Every structure is written in structure tokens, then in C-alpha cells.
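Have a look at the structure below before the remarks.
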Amino acid sequence: MIKMTNIVKRFGAQTVLSEVSFETKYKEIFGLLGPSGAGKTTIINILTNQLSQDSGTHAIGVTPFETGLMLDEDGLYPRLSCIENLNVFADIYGMPHKKSLEVLKSVGLEDAVKKAVNTLSRGMRQRLALARAILHEPKLLFLDEPTSGLDPGTARGIHRLILSLRDKGATIFLTTHNMDEAVKLCDRVALLHKGKIVEHGGPADICMRHNAMKTVPDLEAVFINMTGTALQ
């Protein structure tokens, strides 16, 4: 679904991505883990053609119309209601407005249909941004730290929805620095440190490879042992 090969990206004299290469499979949740500033969002911006790389190649196996985005900047219209925000995009996609209501219900916002975005809590805005990203049933979904700053209950609800989307056939590219989230959701992960992929594979497999006791430790401990850097 996604292939990135030897990507290099610089901002001035700073190299933020150095020879980054990875592939994702169809119908999997692929997690990109790393601390803030590691380059996770830059990778998404390159894959979605919001940034150009300095060298290397990348490709995705779907059209832009078949891609959904939930990024740090939610891009919601603050004075419009939840349903009005989704209806704007339903019109763009040529979809009936009843789909907007269905998707709001799927993220638990059926009681906030007429609430203006500027009155919503952070968790509600996150769920609305996710609703907008999945409105057109994309085959590839980019989620940039989708549960960052949310309470555990709201995060669990988003986790259930992400898993259901994967089960329905979507490929999901997820960035996070939450170890528990990665282990619960991801089929495979890559660890990004200072712009380089330092390890990749199944979460449990990575733990096993880096633990002499052959038990499954906390993945964050593996990251610290490999790089000397915590994820949060």
C-alpha cells in the first residue's frame, strides 16, 4: 500500500529524515513510533504530497480521493456545527448528507450534531476530525497521534473504531508515542529516532529480539535501550 525508499528531507542545515525506507501491507495497521521531533509528521506530509523530499522516492497504492487524513491541525470550521462541517465534505465527495449523521454516530457524537465546533471539548474535536477523515470510507487512512491528550475512555472508543476500520478493509498508517496504543492496535511498527528507522517488525517480535530473558517487556523500554531516548 505504501512504499518509501531512501527518503531524505532537510530544513536548512538540519536533516530531519535520513535514508528512511519502509513498506506497509494492505489491510494492516502500521505504526510509526518515536518521540516528538523524530520526523513522524514530516513523513506523513511527504507521503500526502504536502512536502517534497530532497531525495528518495515514495508511492501509495490508492488515489488521493481514496485517502483519509487526521492530522495535528484538524482544519475544522469553528463556527459551523458538527453536522455542517461534515456536510461540507459530503458535498465535495458527492455523498448524501445522511452519511454525515451516520459517521457522527459511529464516533459517539450523535448528541452534538448541532453544536458549534468552537464549543466542543478537545476529545470531541478529535472525534469529529476522525469522522471527517472516514466520511468517504477511504482505503488508506493517515492518523497522526489520534488520541494525544485524550482521556482513557475516549481513547478506547477511538481504538475500537480504528480496529473496526481495519477489519472492514482499510489500511491505517498511525503515528504515536504511546506504547500501549501501539501494542494494542498495530500489526507492525517502525521505530523512528532522529530521522532514522532504527527497528521494525511486530511489536512483540521487536521486544523479544531485544530482551535477553525472552519475555515480552514494555516496548518503550526497548526503545530506550536501543537509542537512549524516551518516547514521551
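Since this is a predicted model, take the numbers as computed values, not measurements.
Of all the heavy atoms in Arg132 and Gly75, the pair that sits closest is NH1-O, 3.2 Å. Looking at every heavy atom in both residues, Ile197 comes nearest to Ala190 through CD1-CB, 4.0 Å. Residue Leu69 comes nearest to Leu141 through the heavy atom pair N-CD1, 4.3 Å, listed as atom of the first residue, atom of the second, then distance. Across all non-hydrogen atoms, the minimal contact from Tyr77 to Asn85 is N-OD1, 2.8 Å.
Residue pairs satisfying the side-chain hydrogen bond (donor to acceptor under 3.5 Å, both in side chains) criterion with at least one member in residues 101-112, sequence neighbours excluded, are absent.
Using a 4.0 Å cut-off between charged nitrogen and carboxylate oxygen, Glu137 and Lys99 count as a salt-bridge pair. Between Lys40 and Glu145, at least one side-chain nitrogen of the basic residue sits less than 4.0 Å from a carboxylate oxygen of the acidic one, meeting the salt-bridge criterion. Ion pairing between a basic and an acidic side chain is recognised when a charged N comes within 4.0 Å of a carboxylate O; Arg166 and Asp187 show such pairing.
Using cut-offs of 30° and 60° for the angle between ring planes, the His136 and Tyr93 rings count as parallel.
A 6.0 Å sphere centred on NE2 of His58 holds more than 12 heavy atoms belonging to other residues, nucleotides or ligands. Within a 6.0 Å sphere centred on NZ of Lys9, heavy atoms belonging to other residues, nucleotides or ligands number more than 12.
A distance of 12.0 Å separates CD of Glu19 from CE of Met4, quoted to the nearest 0.5 Å. Separating the CG atom in Leu32 from the SG atom in Cys186 is a distance of 9.5 Å, to the nearest 0.5 Å. In this structure, CD1 on Ile7 lies 7.5 Å from OG1 on Thr5, to the nearest 0.5 angstrom.
Relative to the six-membered ring of Phe30, Arg188 misses at least one condition, a distance below 6.0 Å or an angle of at most 45° to the axis.
A donor-acceptor pair shorter than 3.5 Å can be found between the side chains of Thr154 and Asp151.
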